[in-house]
Protein chains: 2
Amino acid sequence: MRNLNPGRSMENPGVVAGGPVAIRKQTLHDQVANRIRDLIIEGYLEPGSRIDETGLIEQLEVSRTPFREALRTLAAEGLVIIRPSKGAVVRKLTPQDVFSMLEVLAHLEKLAGKLTCERASDDDITALMALHNEMLDLYEKRERLAYYKLNQAFHSRLAELTGNETLQEMQRNIQARLKRIRFIGNRSPDYWAAAVAEHEQMAQALSRRDGDALGEVMARHLMNTWERVKDSV
Amino acid sequence: MRNLNPGRSMENPGVVAGGPVAIRKQTLHDQVANRIRDLIIEGYLEPGSRIDETGLIEQLEVSRTPFREALRTLAAEGLVIIRPSKGAVVRKLTPQDVFSMLEVLAHLEKLAGKLTCERASDDDITALMALHNEMLDLYEKRERLAYYKLNQAFHSRLAELTGNETLQEMQRNIQARLKRIRFIGNRSPDYWAAAVAEHEQMAQALSRRDGDALGEVMARHLMNTWERVKDSV
DNA sequence: GCAATGTATTTCGTATACAAAGTGAGGAAA
DNA sequence: TTTCCTCACTTTGTATACGAAATACATTGC
């Protein structure tokens with residue numbers, strides 16, 4: 001499924017196998033928005049800290065107009081907060097914020113699980129299971145970053161299979177805000193093992209197309225994530 | 001709970017009962033964003049139609065900079081779509097879009113119902129019931145617009161009582177996109193009566209603090225809404 | 001007469017300049 | 001010494017100007 005709205009954050013490549021594809025035009029403010037988003041996620045811009053317009057503009061080598069438009073996009077996405085006449089700050093998530101996001105995300109994933117079981121084709125389910133197996137491999141090898149990325153892909157794919165665009169968008173939005181936090185969640189080996197065990201249960205439910213069970217596991221999975229990260233928020 | 005982000009759509013007044021509140025500064029682009037949002041919701045800007053930058057700028061008497069920043073905010077909210085170098089169009093909702101939004105909204109409201117039953121104080125519930133009774137009054141008097149507004153307030157309040165900020169934000173976002181559509185939903189007297197009956201059930205469940213029942217009714221309510229509006233999308 | 005290409009005109013994207021608001025340091029008065 | 005005010009400086013907000021891209025139209029060739 002192609003992302004027609006260049007304003008949203010997406011990491012899919014611009015090329016699809018087989019045949020010419022429209023050249024993706026990226027306006028400057030889109031590029032800037034993506035760049036700043038990454039800077040925030042990767043921690044170069046610390047939560048709560050003011051965003052130095054002048055400084056960043058020089059570093060990114062763009063003028064103020066596209067930069068400010070990008071900031072407003074990120075503000076609408078909830079990643080930064082713009083205080084009129086006082087500059088923008090990277091939004092700092094309180095534990096409450098994180099909990100509320102996980103609570104909603106858990107509930108959305110529950111819906112995703114249920115709908116996917118109802119609507120996805122056998123091939124799609126098989127493909128999803130393949131992803132899961134890859135994840136197990138990576139866990140065995142203790143390749144944490146790769147595992148993490150595949151994990152994101154797994155959840156995104158699950159949302160896609162529901163065919164529900166809104167669900168995907170909301171999930172993406174929350175994921176983007178939580179990205180840094182979730183990465184922390186798997187720091188400890190114990191936590192990681194627990195997460196893998198939960199994923200195994202998901203895969204089981206998925207292969208049985210047991211939507212209710214899948215939904216329950218996914219919701220539980222995210223509430224456990226809370227337990228894992230709450231001390232580091 | 002105050003809305004600290006002036007970029008988001010909110011209809012609450014700037015003053016809360018009891019005590020001084022920070023004066024809300026509104027930058028020009030915020031005002032413009034709000035204005036355009038209203039224009040879209042009220043139908044002055046038709047879905048699918050191109051937004052005439054030059055024309056609107058003249059009418060609103062603002063320059064391009066705040067206008068374009070406002071557009072990007074609305075794009076991030078999903079109300080308009082910006083096609084690079086080709087102008088912005090008011091997002092046109094396909095029946096699929098509407099269905100997917102209602103599906104997600106239904107699921108979110110289900111969560112809201114459950115959490116409210118678990119977390120709200122008795123006073124809060126009583127206040128919510130009062131809203132409900134007012135709605136019944138307005139239905140008797142066939143005051144459709146007032147009923148509609150109170151209905152929105154009821155659902156917003158319910159989300160507030162969960163104490164979950166993210167849930168509120170997501171609900172607001174979807175509500176904003178659906179605003180026009182939902183208004184249509186009550187056109188026919190039969191439909192309206194059905195909606196009122198469903199609300200009565202909600203109130204019942206709420207007064208019993210039966211979260212599961214409330215959640216079920218709310219989810220059903222929105223799926224019924226789909227039945228009511230699907231032909232007019 | 002139709003299609004294709006070149007050109008004019010409009011619209012969009014970005015940079016920059018100017019105005020307004022905020023911030024902080026230093027000094028004067030209590 | 002402390003507090004409050006003032007003034008200079010920094011940063012933000014808005015307007016405008018210019019270059020680039022897209023669209024519409026006319027002209028030319030078949």
Side-chain angles (χ1 to χ4, degrees), chain A residues 4-9 14 20-37 39-40 45-46 48-76 79-91, chain B residues 4-8 14 21-37 39-40 45-46 48-76 79-91:
Chain A
L4 295 174
N5 182 352
R8 311 298 300 164
S9 146
V21 161
I23 291 173
R24 167 138 6 167
K25 277 155 216 121
Q26 281 254 56
T27 58
L28 236 192
H29 39 248
D30 281 320
Q31 295 178 50
V32 173
N34 291 332
R35 193 85 193 77
I36 301 177
R37 209 182 277 111
L39 288 177
I40 292 175
L45 295 174
E46 271 183 45
S49 70
R50 202 167 121 272
I51 294 177
D52 177 15
E53 214 176 275
T54 320
L56 261 181
I57 282 169
E58 275 176 22
Q59 285 198 274
L60 299 179
E61 297 184 316
V62 294
S63 76
R64 288 183 66 209
T65 310
F67 181 86
R68 304 194 82 244
E69 289 186 359
L71 269 192
R72 290 195 67 72
T73 299
L74 297 177
L79 285 175
V80 309
I81 292 180
I82 296 178
R83 304 161 306 174
S85 305
K86 291 170 98 178
V89 294
V90 179
R91 179 165 171 193
Chain B
L4 294 174
N5 181 352
R8 311 296 301 163
V21 162
I23 290 174
R24 171 148 356 174
K25 278 162 212 110
Q26 283 255 57
T27 59
L28 237 192
H29 39 249
D30 281 321
Q31 295 178 48
V32 173
N34 290 333
R35 194 85 192 77
I36 301 177
R37 210 183 277 112
L39 289 177
I40 292 174
L45 294 173
E46 271 182 45
S49 70
R50 204 165 121 271
I51 293 176
D52 177 15
E53 213 175 277
T54 321
L56 261 181
I57 282 169
E58 275 178 20
Q59 284 199 274
L60 299 179
E61 296 183 316
V62 294
S63 75
R64 287 184 67 209
T65 310
F67 182 85
R68 304 195 81 244
E69 288 186 1
L71 269 191
R72 288 197 65 74
T73 299
L74 297 177
L79 284 175
V80 308
I81 292 180
I82 296 178
R83 304 162 305 174
S85 305
K86 292 169 98 179
V89 294
V90 180
R91 179 165 172 193

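We name chains A, B, ... by the order of the sequence lines, and we start the count at 1 in each one.
Atom P of nucleotide C:dT16 and atom CG of A:L28 are separated by 12 Å, given to the nearest angstrom. A straight line from CD of A:Q26 to C1' of D:dA21 spans 17 Å, rounded to a whole angstrom. If you measure from atom CD1 of A:I57 to atom P of C:dA17, you get 14 Å, rounded to the nearest angstrom. Taking atom CD on B:E58 and atom C1' on C:dT10, their separation rounds to 14 Å, with Å as the unit. Counting to the nearest Å, the P atom of D:dA15 and the CZ atom of B:F67 are 13 Å from each other. Summarising the geometry, the separation between CD on A:E61 and P on C:dA15 is reported as 11 Å, rounded to the nearest angstrom. Put simply, NE2 on A:H29 is 14 Å from C1' on C:dA15, counting in whole angstrom units.
Using a 4.5 Å heavy-atom threshold, the side chains of B:N34 and B:R37 count as touching. Contact of the A:R91 side chain with the A:V80 side chain is not registered, since no non-hydrogen atoms from C-beta on lie closer than 4.5 Å.
By the side chain to side chain donor-acceptor pair (under 3.5 Å) test, A:T27 is found to be paired with A:H29, A:D30, residues two or more places apart in sequence or in another chain being considered. A search for side chain to side chain contact (heavy atoms under 4.5 Å, CB included) contacts involving B:L56 returns B:L39, B:L45, B:I51, B:Q59, B:L60, B:F67, not counting sequence neighbours.
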Short N/O separations, protein against nucleotides 5-12 of chain D, under 3.5 angstrom:
unit_1, atom_1, unit_2, atom_2, d
D:dT11, O3', A:R50, NH2, 3.3
D:dT12, OP1, A:R50, NH2, 3.4
D:dT12, O3', A:S85, N, 3.4

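Residue contacts for A:T27: at a heavy-atom cut-off of 4.0 Å it reaches the sugar-phosphate backbone alone, with no base atom in range.
Separation of atoms CD1 (B:I81) and CG (B:L71) is listed at 12.5 Å; rounding is to 0.5 Å.
Residue pairs meeting the salt bridge (charged side-chain N to carboxylate O under 4.0 Å, His left out) criterion with at least one partner in residues 54-66 of chain A, sequence neighbours excluded, are A:E53-A:R64.
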